[in-house]
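Structure, as structure tokens:
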Amino acid sequence: MRSPGPSRRWARARALLLAALLAIVVSDCTGPILAQPPVDRGPGPSPTQRRPVAADPRPIRLPADDAAHDRLTEWWYYTGHLRDGAGARYGFEFVVFRAERGGFPISWASHLAITDEAGEAFHFAQRSEIGPQVDRASGAAGPAPRFDLQVLPAAGQSAGTGPSLPPATAWVMGGGDGRDHLTAASTPDEALAAGSPGGLGLDLTVEATAPPTLHDQDGWVDFGPAGGSYYYSRTKMAADGALTLDGRTFQVTGTAWFDHQWGDFISVG
């Protein structure tokens, strides 16, 4: 029997990787449930080569540890409350997940969600990518943000625009030391799937107004045989910018919360 060629082996590895990504439970009982296929940027990337890391635990160092880590599981997670000029209230979530599994390429998933309290409606969109290119800060020439993550829409989707938001070609999350910028706007296909055919998106500047909180006092959470996790939060952040919902854009202000967690642990369900 002939062994499968490189393209067939990559297709098989890709399928296994997506299956593994779908199984990751990244926060309590929720996980990245992907409605769209991951971005295809041509031939598959080379398998991930993990760099040696220092023995755990080690002290968290900020802002350096705002950046990505060569660990099995990691996420950057923002949630918050916003008000527009008329006093209408909204909730938002914007998160990027990163996963490494053995020799498979790095995989990413991202969620965007907006709650319209007055309209009693919940809207969300989601994306995924495979490969190291999402982390633009890694290896960047010259000064760069402490983290700079960019997630593209699925192949073949058109890139619509919101009235005051940039073209929806990428969801971008970046910054450092508690001064971050979040930009995400849906493509027409994503907006339709989210039940917001006129568009869904946000463009926010968030800035910490209190020192970061290290979980378990030192930022290290020991899971015993299951591994361990570095974990800190910025519990008070001021948010300012624009929110787009069903084709309407509002200037908003509010508060946000940021979680960053990473480590060599896998939670599946």
Side-chain angles (χ1 to χ4, degrees), residues 26-36 39 75-97 108-129 134 149-154 157-175 180-208 233-260:
V26 294
S27 179
D28 295 330
C29 296
T30 64
I33 302 172
L34 308 177
Q36 302 291 342
V39 171
W75 57 79
W76 298 257
Y77 206 124
Y78 295 86
T79 56
H81 301 279
L82 304 171
R83 288 180 182 268
D84 66 18
R89 306 197 328 169
Y90 307 89
F92 81 91
E93 176 210 39
F94 185 32
V95 58
V96 173
F97 306 101
W108 307 79
S110 183
H111 295 173
L112 168 68
I114 296 175
T115 299
D116 176 3
E117 293 195 15
E120 298 184 343
F122 176 75
H123 308 269
F124 70 93
Q126 49 202 355
R127 293 181 177 182
S128 63
E129 281 207 59
V134 171
L149 308 175
Q150 175 181 273
V151 185
L152 295 180
Q157 289 194 359
S158 57
T161 61
S164 68
L165 296 177
T169 55
W171 293 358
V172 180
M173 176 186 292
D180 309 332
H181 195 85
L182 316 177
T183 302
S186 59
T187 65
D189 290 341
E190 290 169 338
L192 188 63
S196 180
L200 175 74
L202 54 82
D203 186 359
L204 296 176
T205 297
V206 291
E207 186 163 352
S233 298
R234 292 190 169 100
T235 61
K236 294 182 179 181
M237 304 190 81
D240 182 81
L243 180 149
T244 294
L245 190 60
D246 201 15
R248 300 171 297 159
T249 296
F250 312 93
Q251 294 302 122
V252 292
T253 59
T255 59
W257 176 298
F258 171 68
D259 285 326
H260 186 195

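Heavy-atom basis, side chains included; hydrogens, waters and symmetry copies ignored.
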Would you find a donor on one side and an acceptor on the other, under 3.5 Å apart, between the side chain of [X] and the backbone of [Y]?
X	Y	value
D246	G198	yes
W76	F97	no
E129	L152	yes

Practice task
Using the test side-chain contact (heavy atoms from CB on, under 4.5 Å), find all partners of A191 that sit at least two apart in sequence or belong to another chain.
Solution key: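 Scan of A191 (side-chain contact (heavy atoms from CB on, under 4.5 Å), adjacent residues dropped) gives S186.
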Practice task
Please list, chain by chain and in numerical order, all residues satisfying side-chain contact (heavy atoms from CB on, under 4.5 Å) with T253, sequence neighbours excluded.
Solution key: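 With sequence neighbours excluded, T253 shows a side-chain contact (heavy atoms from CB on, under 4.5 Å) to D240, given in chain and number order.
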Calculate, to the nearest 0.5 Å, the distance between atoms [atom1] and [atom2] belonging to [X] and [Y] respectively.
X	Y	atom1	atom2	result
R83	L243	CZ	CG	14.0 Å
I114	S196	CD1	OG	7.5 Å
W171	H111	CH2	NE2	8.5 Å
L182	L149	CG	CG	10.5 Å
W75	H260	CH2	NE2	10.0 Å
W257	E93	CH2	CD	15.0 Å

Could you tell me which non-hydrogen atom of [X] sits nearest to which non-hydrogen atom of [Y], and how far apart they are?
X	Y	answer
A170	Q150	CB-CG, 3.4 Å
Q251	A242	OE1-CB, 3.7 Å
P153	T187	CB-CG2, 3.7 Å

Practice task
Not counting sequence neighbours, which residues clear side-chain hydrogen bond (donor to acceptor under 3.5 Å, both in side chains) with T205? List them please.
Solution key: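 If we apply the side-chain hydrogen bond (donor to acceptor under 3.5 Å, both in side chains) test to T205, skipping adjacent residues, the hits are H181.
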Handout entry: By side-chain hydrogen bond (donor to acceptor under 3.5 Å, both in side chains) - contacts of T115 (at least two apart)
Key =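 Checked T115 against side-chain hydrogen bond (donor to acceptor under 3.5 Å, both in side chains); zero matches.
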Practice task
Let me know which of V95, D259, D180 forms a side-chain contact (heavy atoms from CB on, under 4.5 Å) with Y78.
Solution key: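 Running side-chain contact (heavy atoms from CB on, under 4.5 Å) over V95, D259, D180 with Y78 returns exactly one hit, D180.
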Handout entry: Stepwise side chain to side chain contact (heavy atoms under 4.5 Å, CB included) test for E190 and R127
Key = CA-CA 9 Å; E190 290 169 338; R127 293 181 177 182; 2.7 Å; yes
Fill in the blank from the handout: Sequence neighbours excluded, the answer for ring-ring contact (aromatic ring centres under 6.0 Å, His included) partners of F94 is none
Exercise for the section: Tell me, please, which residues at least two apart from Y90 pass ring-ring contact (aromatic ring centres under 6.0 Å, His included). Expected result: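 If we apply the ring-ring contact (aromatic ring centres under 6.0 Å, His included) test to Y90, skipping adjacent residues, the hits are F250.
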Handout entry: pair V206-F258: side-chain heavy atoms closer than 4.5 Å
Key =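 Side-chain contact under 4.5 Å: no.
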Exercise for the section: Could you check if a side-chain atom of L82 sits within less than 4.5 angstrom of a side-chain atom of L204, using non-hydrogen atoms only? Expected result: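 L82 reaches L204 side chain to side chain.
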Practice task
Give the C-alpha distance, both sets of side-chain angles, the deciding distance and a yes or no for side chain to side chain contact (heavy atoms under 4.5 Å, CB included) between L112 and L202.
Solution key: CA-CA 9 Å; L112 168 68; L202 54 82; 3.6 Å; yes
Exercise for the section: Start with the C-alpha gap between T244 and L200, add the side-chain angles, then the distance that decides, and say whether side chain to side chain contact (heavy atoms under 4.5 Å, CB included) holds. Expected result: CA-CA 5 Å; T244 294; L200 175 74; over 6 Å; no
Exercise for the section: With sequence neighbours excluded, tell me which residues meet salt bridge (charged side-chain N to carboxylate O under 4.0 Å, His left out) with E117. Expected result: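 Checked E117 against salt bridge (charged side-chain N to carboxylate O under 4.0 Å, His left out); matches are R89.
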